[in-house]
Undergrad: 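Would you mind keeping the following structure in view while I ask a few things?
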Amino acid sequence: MRQAAITAAQRGHEVILCEKSGRLGGMLNSADDISFKKLMKQYKNALITQVGKAGIKVLLNTTVTPELVEQIAPDTLIAAIGGEALIPDIPGINGDSVYVAARDFGKGKEIGQKVVVVGGGLVGCEESIHYREQGKDVTILEMGDTLARDAWFLHLRATLMEMEKLDVKSCLNTRCTKITDKGVFAVDADGKEVFFEADTVVIAAGLRPRSDEAEALRFTAREFVRVGDCKECKRIYEATRTGYDAAVTI
Ligand SMILES: Cc1cc2nc3c(=O)[nH]c(=O)nc-3n(C[C@H](O)[C@H](O)[C@H](O)COP(=O)(O)OP(=O)(O)OC[C@H]3O[C@@H](n4cnc5c(N)ncnc54)[C@H](O)[C@@H]3O)c2cc1C
C-alpha cells in the first residue's frame, strides 16, 4: 500500500492514502516487538517517512467503502487492503487463551508460559522462536509433514537452525481438533488423540486476501487494481513489487 502511494506520488499523481486503523504499516507492524525483525521495522519506518515526504494526503481511521470512493471520485483506485487471518473452524477457537498471530499483534494480549502454536508455516515458526527467546515453553503442531514450507531456502535453513538451537518442540502430521482453556487436543500421525497443555494457543494458520471487500470497490473508479496481500497473500517483496508496478502503469 505504502509503496504504491509513494511511487504514484513521485510520478506526479495526487495521492490520497486511506488507512482503516490509526497507524500506517499494516502487517509490518507485527515486527515491532520481535528481536530478529529489527530490519523489517526499520523498513516500515522508512516507508512511512517517505509517505510523509512525498506529499501524500494520509487519512487514518478511514475505511474505504464504495460510498467513500464515490465521494472522493478518484481516477484510479489501488486496493491494497491486505489479507485477513485464516481462522480454522476448531471448537474453542474463540476462547480467551487463543491468540491469532496475524490479528492480535500490538493489542497487548498476554501470552502465558506454556505456548502451543497451531500451524508450522513461516509465521508459526517465527512466532515460536520469538516466544522461546522469552523463555516460554513452545510446541508447534503442524498438520503437514514439513515446517516453514513457504520459506525460501536460506530463510528456511536459518529458521530451522534457530528453532533447533532454542529447542522449539514440533509435532508434524498432527491436526488440532479442539481447544480448551487447559490446552489443545489433536490427532497425531498414527490417528491417536493427544493432548497438549497450554496457557496460550497461538493460531498461525495462514492468511487469505480480503477479496470480497476489494471486489466491492472494483467499479467505483475508472481504473482499479488490486495489489499486495489483497491480490495474493505472500510477502513484503511481492506486496512492494505489485504496488510499484501498479503505480508506474496508471
Ligand atoms: C505475523 C506476520 C509476519 C510476517 N512476517 C513477514 C516477514 O518476515 N517477511 C515478509 O516478507 N513478509 C512477512 N509477512 C507478510 C507481509 O507482512 C505482507 O505480505 C505485507 O504486509 C502485505 O502488505 P499489504 O500492504 O498488501 O497488506 P497489509 O500489510 O495487510 O496492509 C493492509 C492495510 O490495509 C488496511 N485496510 C484494510 N481494509 C481497509 C479498508 N477497507 N480501508 C482502508 N484500509 C484498509 C489495513 O488496516 C492494513 O493496514 C508477515 C505477515 C504476518 C501476518
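All values reported here derive from a predicted model rather than from experimental measurement.
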Undergrad: Taking transitive links into account, so neighbours of neighbours count too, which hydrophobic residues share a cluster with Phe195 at under 4.5 Å side-chain distance?
TA: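 Under the 4.5 Å side-chain rule, Phe195 groups with Phe185.
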Undergrad: Just by distance, do the side chain of Asp104 and the backbone of Tyr99 share a donor-acceptor pair under 3.5 Å?
TA: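 It does not hold such a pair.
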Undergrad: Decide, yes or no, whether a salt bridge links Glu215 with Arg226 under the criterion of side-chain N to carboxylate O below 4.0 Å.
TA: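 So Glu215 pairs with Arg226 through a salt bridge.
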Undergrad: Is a salt bridge present between Glu238 and Arg241, judged by a nitrogen-to-oxygen distance below 4.0 Å?
TA: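 Looking at Arg241 together with Glu238, the answer is no, because their closest N to O distance does not fall below 4.0 Å.
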Undergrad: Please check if atom NZ in Lys192 has more than 12 non-hydrogen atoms from other residues, nucleotides or ligands closer than 6.0 Å.
TA: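 Atom NZ in Lys192 is not crowded, with 12 or fewer foreign heavy atoms closer than 6.0 Å.
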Undergrad: Does Lys231 NZ have over 12 foreign heavy atoms under 6.0 Å away?
TA: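 No, because the 6.0 Å sphere around NZ of Lys231 holds 12 heavy atoms or fewer from other groups.
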Undergrad: Cluster question for you: counting only ILVMFWY and a side-chain heavy-atom cut-off of under 4.5 Å, with indirect links fine, are Ile90 and Val194 together?
TA: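 Same cluster: Ile90 reaches Val194 through Ile, Leu, Val, Met, Phe, Trp or Tyr contacts under 4.5 Å.
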Undergrad: Strictly below 4.0 Å, N to O, side chains only: are Glu197 and Lys182 in salt-bridge contact?
TA: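 Between Lys182 and Glu197 there is no salt bridge, as every charged N stays at least 4.0 Å from the carboxylate O atoms.
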Undergrad: So, does Thr242 use its side chain to make a donor-acceptor pair with the main chain of Gly228 at under 3.5 Å?
TA: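 At least one qualifying donor-acceptor pair exists.
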Undergrad: Take a 6.0 Å sphere around CD of Glu193 and say whether it holds more than 12 heavy atoms from other residues, nucleotides or ligands.
TA: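 For Glu193, atom CD is crowded (more than 12 foreign heavy atoms under 6.0 Å).
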Undergrad: With a sphere of 6.0 Å drawn around CD of Gln113, does it hold more than 12 non-hydrogen atoms of other residues, nucleotides or ligands?
TA: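 Enclosed.
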Undergrad: Could you check whether any side-chain N or O of Asp145 sits under 3.5 Å from a backbone N or O of Asn173, counting only pairs where one atom can act as donor and the other as acceptor?
TA: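 No, because the side chain of Asp145 does not come within donor-acceptor range (under 3.5 Å) of the backbone of Asn173.
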Undergrad: Let me have the donor-acceptor pairs involving side chains of residues 66-81, under 3.5 Å, with sequence neighbours excluded, atom names and distances please.
TA:
| residue | atom | partner | partner atom | Å |
| --- | --- | --- | --- | --- |
| Glu67 | OE1 | Thr65 | OG1 | 3.3 |
| Thr76 | OG1 | Glu223 | OE1 | 2.9 |

Undergrad: Going by the side chain to side chain contact (heavy atoms under 4.5 Å, CB included) test, name the single residue among Val115, Val117, Val116 that passes it with Ile140.
TA: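 Going through Val115, Val117, Val116 one by one, the side chain to side chain contact (heavy atoms under 4.5 Å, CB included) with Ile140 is satisfied by Val117 alone.
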Undergrad: Between Asp32 and Lys44, is there a side-chain N and carboxylate O pair less than 4.0 Å apart?
TA: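 Lys44 and Asp32: salt-bridged.
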Undergrad: Between Arg210 and Asp229, does any side-chain N to carboxylate O distance fall below 4.0 Å?
TA: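 No salt bridge links Arg210 with Asp229.
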Undergrad: Is Arg132 reaching over with its side chain to a backbone N or O of Leu166, donor-acceptor style, under 3.5 angstrom?
TA: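 Judged by distance alone, yes, a pair lies under 3.5 Å.
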Undergrad: Ignoring hydrogens and geometry, is there a side-chain-to-backbone donor-acceptor pair from Thr200 to Gly112 under 3.5 Å?
TA: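 Yes.
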Undergrad: Closer than 3.5 angstrom, by distance alone: can the side chain of Thr62 be matched with the main-chain N or O of Leu60 as a donor-acceptor pair?
TA: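 Yes, Thr62 side chain to Leu60 backbone: donor-acceptor pair under 3.5 Å.
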Undergrad: State whether the side chain of Lys109 and the backbone N or O of Val98 hold a donor-acceptor pair below 3.5 Å, judged by distance alone.
TA: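 A pair under 3.5 Å: yes.
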Undergrad: Using atom types as modelled and distance alone, determine if a side-chain donor or acceptor of Lys136 lies under 3.5 Å from a backbone N or O of Ile111.
TA: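 Checking the backbone N and O of Ile111 against the side chain of Lys136, a donor-acceptor pair under 3.5 Å is found.
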Undergrad: Is the number of heavy atoms from other residues, nucleotides or ligands under 6.0 Å of Met40 CE greater than 12?
TA: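 For Met40, atom CE is crowded (more than 12 foreign heavy atoms under 6.0 Å).
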